[in-house]
Amino acid sequence: QKEVEQNSGPLSVPEGAIASLNCTYSDRGSQSFFWYRQYSGKSPELIMSIYSNGDKEDGRFTAQLNKASQYVSLLIRDSQPSDSATYLCAVKSEDFGNEKLTFGTGTRLTIIP
Amino acid sequence: EPEVTQTPSHQVTQMGQEVILRCVPISNHLYFYWYRQILGQKVEFLVSFYNNEISEKSEIFDDQFSVERPDGSNFTLKIRSTKLEDSAMYFCASRDTGRGEGYTFGSGTRLTVV
């Protein structure tokens with residue numbers, strides 16, 4: 001069973017501060033990693049993808065990947081109240097040529113004005 | 001921006017009834033998926049579909065479930081005889097051909113079985 005683990009939170013961060021979200025995964029062969037944002041009652045929305053070790057920046061978001069430690073993180077700089085949502089870590093796994101995303105339980109983030 | 005469209009947004013059905021959830025994936029995408037999310041729980045994989053056949057299905061996707069691509073645009077999930085525990089949000093997703101691509105999710109159908 002391929003697992004993706006996240007701290008469910010809630011994580012409360014003051015407006016303007018950096019929010020740090022973490023994820024670990026069990027399948028050492030995974031190559032593609034994604035962060036989705038999900039507002040309450042809505043569908044997951046892709047915000048970042050990362051495939052190589054190191055950092056990838058996109059605006060206020062930075063994804064970090066360490067395959068040796070099987071660890072993915074997401075940093076949100078200058079946090080805004082609109083960033084309040086559940087952040088889902090998703091890992092793409094492949095078996096016999098078939099691939100699918102496996103999601104963690106999500107971390108609920110609250111930005112405090 | 002292209003989007004995945006799902007209908008209906010909310011469906012209430014009686015236990016034992018059949019339901020069909022509909023999805024229109026992004027037009028140039030070739031890989032399609034159904035996921036579900038029970039209230040308060042994680043997003044769970046149900047089935048993947050490519051080249052008009054199921055690629056992979058989870059343990060959840062038992063004989064009560066089926067998928068179909070009846071024409072060039074629609075992708076449906078049928079639950080033959082609904083149970084109370086089928087109540088969940090059902091998300092359709094699609095992706096482009098690059099293997100590293102993320103999935104684009106539809107807005108979901110909230111299924112309530114009473």
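Per chain, numbering begins at 1; letters A, B, ... match sequence-line order.
- Other residues, nucleotides and ligands contribute over 12 non-hydrogen atoms within 6.0 Å of the CG atom of B:Leu84.
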- [ ] Step by step, work out the side-chain contact (heavy atoms from CB on, under 4.5 Å) result for A:Ser93 and A:Lys100.
- [x] CA-CA 6 Å; A:Ser93 59; A:Lys100 64 176 183 285; 4.1 Å; yes
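- Looking at heavy atoms from C-beta onward, B:Tyr90 lies in side-chain contact with B:Ile79 at the 4.5 angstrom threshold.
- Cation-pi geometry between B:Arg69 and B:Phe75 is not met at under 6.0 angstrom from the ring centre and within 45 degrees of the axis.
- At a threshold of 4.5 Å between non-hydrogen side-chain atoms, the residues A:Leu74 and A:Met48 count as touching.
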Task: Derivation and outcome, side-chain hydrogen bond (donor to acceptor under 3.5 Å, both in side chains), residues A:Tyr25 and A:Gln6 - done: CA-CA 9 Å; A:Tyr25 59 95; A:Gln6 293 182 258; over 6 Å; no
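- A side-chain contact (heavy atoms from CB on, under 4.5 Å) with A:Val91 is found for exactly one of A:Val4, A:Leu101, A:Asp27, namely A:Val4.
- B:Val24 places none of its side-chain heavy atoms less than 4.5 Å from the side chain of B:Val4.
- Scanning residues 102-113 of chain A against chain B with a 4.5 Å heavy-atom cutoff picks out A:Phe103, A:Gly104, A:Thr105, ordered by number.
- Only the backbone of A:Lys42 comes within less than 4.5 Å of a heavy atom of chain B; no side-chain atom from C-beta onward does.
- Heavy atoms closer than 4.5 Å to chain A are found nowhere in B:Gln41, neither backbone nor side chain.
- Neither the backbone nor the side chain of A:Gln31 comes within contact range of chain B; no heavy atom of the residue lies under 4.5 Å from a heavy atom of that chain.
- You'll find the side chain of A:Gln64 reaches within 4.5 Å of the side chain of A:Leu75, heavy atoms only.
- Interface remark: B:Tyr35 contributes side-chain atoms only to the contact with chain A (heavy atom separation under 4.5 Å).
- At a heavy-atom separation below 4.5 angstrom, chain A is approached by B:Tyr103, B:Phe105, B:Gly106, B:Ser107, B:Arg110 within residues 103-114 of chain B.
- The side-chain heavy atoms of A:Glu99 and B:Tyr33, taken from C-beta on, include a pair separated by under 4.5 Å.
- In this structure, the side chains of A:Asn98 and B:Tyr50 stay at 4.5 Å or more apart for every pair of heavy atoms.
- Of the two parts of A:Phe33, neither the backbone nor the side chain holds a non-hydrogen atom closer than 4.5 Å to a non-hydrogen atom of chain B.
- For the residue pair B:Arg22 and B:Gln6, no side-chain donor N or O sits within less than 3.5 Å of a side-chain acceptor on the partner.
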